[in-house]
Amino acid sequence: MKTIIIGAGKVGYSIAQLLSSENQEVVVIEQDEERLNIVNDNLDVQVILGSGSSPATLEAAGVRDASMLIAVTEMDELNMIACLLAKQYGVKTTVARVRNTEYLETPIFSPEALLGVDLIINPERVTAEEIAKIVRNPEALSVEYYADGRVQMVEIEIPSDSFLHGTKLRDLDTSSFVIVSIIRQHRTIVPAGNDYLYSGDKVYVMAKTTLMPSVLSYLGIKTKKIDNVTILGAGRTGCYLARILERERWPLNIKMIEKNPWQARKVENMLKNALIINGDGSDLELLRDENIGDTDIFISVTDDDRLNILSSLIAKSLGVKLTICKVKRSDLMPLVDQIGIDVTMSPRMLTAGAILKYIRRGDIVSVTLMGEEMAEMLELVAQAGSVAAGKKLSKIKFPPGSVLGAIVREDQVIIPSGEHEIKANDHLMVFSISKSIPKVEKLFLKPNK
């Protein structure tokens, strides 16, 4: 399958890196020669210098033979035009990154109206939605839902005083949940029964959504009550987030800090219940005066990574229970995890994950990027006639670095054991490291498809 990626920024580079690692045919189009050289020097892909809105450039990239076009430049209009042109050439699937809120909220620009765009993805909205999940589940570092919300996966950190420290997995009663992955010292581990858990481990737990509270209680993770939320930054991400939180079923006290006075006034007119403060989020005296130490969650989502990190550290020092920090630079994320900030959000990874489900072969329902080694959680449908269909799990040889987390069969959610059988049309939640994903997909695809 040939994929054309327009834009060699962070998102475009990440998707090209993932696809090229799987030996897929990838062409990257970029107008900035320096960015294009970075791709050319580091990835095994074809590169073309030019504009993605140029028919001549698209033809040079082989658009007539492409199955997919992903336009993720910084220019919304260029992205949409590229997708419209690609459809005229017969490209089956097109994806456009669109950040302008007017395009997203005006009916004339709806996905249904833009017939040339199959998926419109907005990084700020995706990031805000992910942060809102943490606000609803503050005991977790990340939260994902599958099978229309019936299956939940949470990321938790093993506390220093936890009874889980030094516990072997086989000694736990895992009949109602699966530990699909452990992140230890920035290394992804797909655990087996003889593996141990240690304090500081970040653990991904999958269970039926209705049972997750009891699973977390069994694991010694205490639930937290959230009443007060402070958001630093009234840009696109902050506004999306505040709007989402204002619609929550329980009353939240929302405070927003914005340095730009014009933006602060604008947002004050947009939001119903939030308190808007015009000030510098890195000003220690301001944060003290506003009693930030009493807030339950401090969320920094400005466009300045350094400001987000600094303000989160100040908030933590003032006694904030949970800090969430948006970080655009991927090279900073391991550092941020080490200095005491509780949750980091990468718009790049979140956007790439939302796009990936349109790239994967087979009946892929959703894709979640996990960990620093770009592992993925795939929600897919087992096809009739595939290698795995009709076999017990004990008879299926899963690729190294992969594990089945849950099976959804009609209205039934199954936490699998070796005796469970895969049936056609089962919805499966499969964790896998990137290099094993093509082999995982082959298990559940019809032969010769």
Side-chain angles (χ1 to χ4, degrees), residues 1 22 67 92-93 143-154 169-170 172-181 190-193 195 203-215 218 353-354 356-370 375-449:
M1 184 176 91
E22 298 168 9
S67 301
K92 183 179 179 181
T93 306
V143 182
E144 295 294 338
Y145 293 91
Y146 304 95
D148 298 322
R150 287 176 288 174
V151 177
Q152 187 178 11
M153 180 178 69
V154 301
L169 287 186
R170 68 169 64 258
L172 295 173
D173 177 9
T174 57
S175 57
S176 60
F177 67 94
V178 173
I179 294 178
V180 297
S181 175
V190 179
D195 285 311
V203 179
Y204 288 89
V205 181
M206 178 166 281
K208 190 174 179 179
T209 300
T210 54
L211 295 179
M212 186 59 81
S214 61
V215 168
Y218 169 73
L356 271 174
K357 70 177 179 180
Y358 284 85
I359 299 174
R360 294 293 173 219
R361 299 164 57 224
D363 289 346
I364 305 297
V365 180
S366 67
V367 174
T368 305
L369 291 182
M370 297 168 57
E376 297 177 25
M377 177 62 73
L378 302 174
E379 179 183 356
L380 49 83
V381 179
Q383 297 179 348
S386 63
V387 173
K391 290 184 179 179
K392 289 184 177 181
L393 290 177
S394 58
K395 302 296 182 182
I396 300 173
K397 187 177 181 182
F398 275 76
S402 63
V403 62
L404 179 62
I407 303 170
V408 176
R409 183 175 299 151
E410 297 178 347
D411 293 329
Q412 185 182 12
V413 177
I414 301 167
I415 300 301
S417 68
E419 293 303 307
H420 283 106
E421 179 181 313
I422 299 296
K423 296 184 178 180
N425 299 318
D426 280 352
H427 279 243
L428 311 172
M429 273 51 72
V430 183
F431 171 86
S432 178
I433 58 176
S434 295
K435 65 181 181 181
S436 293
I437 287 172
K439 294 179 181 178
V440 169
E441 292 172 340
K442 287 179 181 178
L443 283 176
F444 304 104
L445 281 173
K446 290 180 182 178
N448 301 322
K449 182 172 179 179

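Positions are given from 1 along the sequence. Any value given below was found using the heavy atoms of this structure, including those in side chains, with hydrogens, waters and symmetry copies removed.
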Rounded to the nearest 0.5 Å, what separation is found between the CE atom of Met429 and the CD1 atom of Ile414? 10.0 Å

Quick one: pull up CD in Glu144 and CE in Met377 and give me the separation to the nearest 0.5 Å. 9.5 Å

Exercise: identify the closest heavy-atom pair between Ala207 and Ile415: CA-CD1, 4.1 Å

So how far is it from Leu380 CG to His427 NE2, rounded to the nearest 0.5 Å? 9.5 Å

Starting at OG1 of Thr174, measure out to CD1 of Ile179 and round the result to the nearest 0.5 Å. 7.5 Å

Nearest heavy-atom contact between Gly385 and Ala389 is N-CB, 4.3 Å

Report, one line per pair, each donor and acceptor closer than 3.5 Å where one atom sits in a side chain of residues 393-403; sequence neighbours left out.
{"residue": "Ser394", "atom": "OG", "partner": "Gly418", "partner atom": "O", "Å": "3.3"}
{"residue": "Ser402", "atom": "OG", "partner": "Pro399", "partner atom": "O", "Å": "2.6"}

With heavy-atom distances below 4.5 Å as the criterion, would you say the side chains of Arg150 and Asp411 are in contact? yes

Can you measure from CD (Gln383) to CG (Leu443) and round to the nearest 0.5 angstrom? 12.0 Å

Do Lys423 and Arg409 make a side-chain contact, defined as non-hydrogen atoms from C-beta onward lying under 4.5 Å apart? yes

Donor-acceptor pair, distance only, cut-off 3.5 Å: does the side chain of Thr209 make one with the backbone of Gly149? yes

If every non-hydrogen atom of Val180 is compared with every non-hydrogen atom of Phe431, which pair is closest and at what distance? O-CD2, 3.6 Å

Looking only at heavy atoms, which two atoms of Phe444 and Ser386 are closest? And how far apart? C-CB, 3.3 Å

Nearest-0.5 Å distance that lies between atom OG in Ser176 and atom CE in Met212: 9.0 Å

Min side-chain heavy-atom separation Leu428-Leu404 under 4.5 Å: yes

Side chains of Tyr218 and Leu172, heavy atoms from C-beta outward: is any pair under 4.5 Å? yes

Tell me whether Asp195 at atom CG has more than 12 heavy atoms from other residues, nucleotides or ligands lying less than 6.0 Å away. yes

Can you find a heavy atom in the side chain of Ile437 that is under 4.5 Å from one in the side chain of Ser432? yes

Could you check whether any side-chain heavy atom of Gln152 comes within less than 4.5 Å of a side-chain heavy atom of Leu211, counting everything from C-beta outward? no

Are any of the side-chain heavy atoms of Tyr146 and Met206 separated by less than 4.5 Å? yes

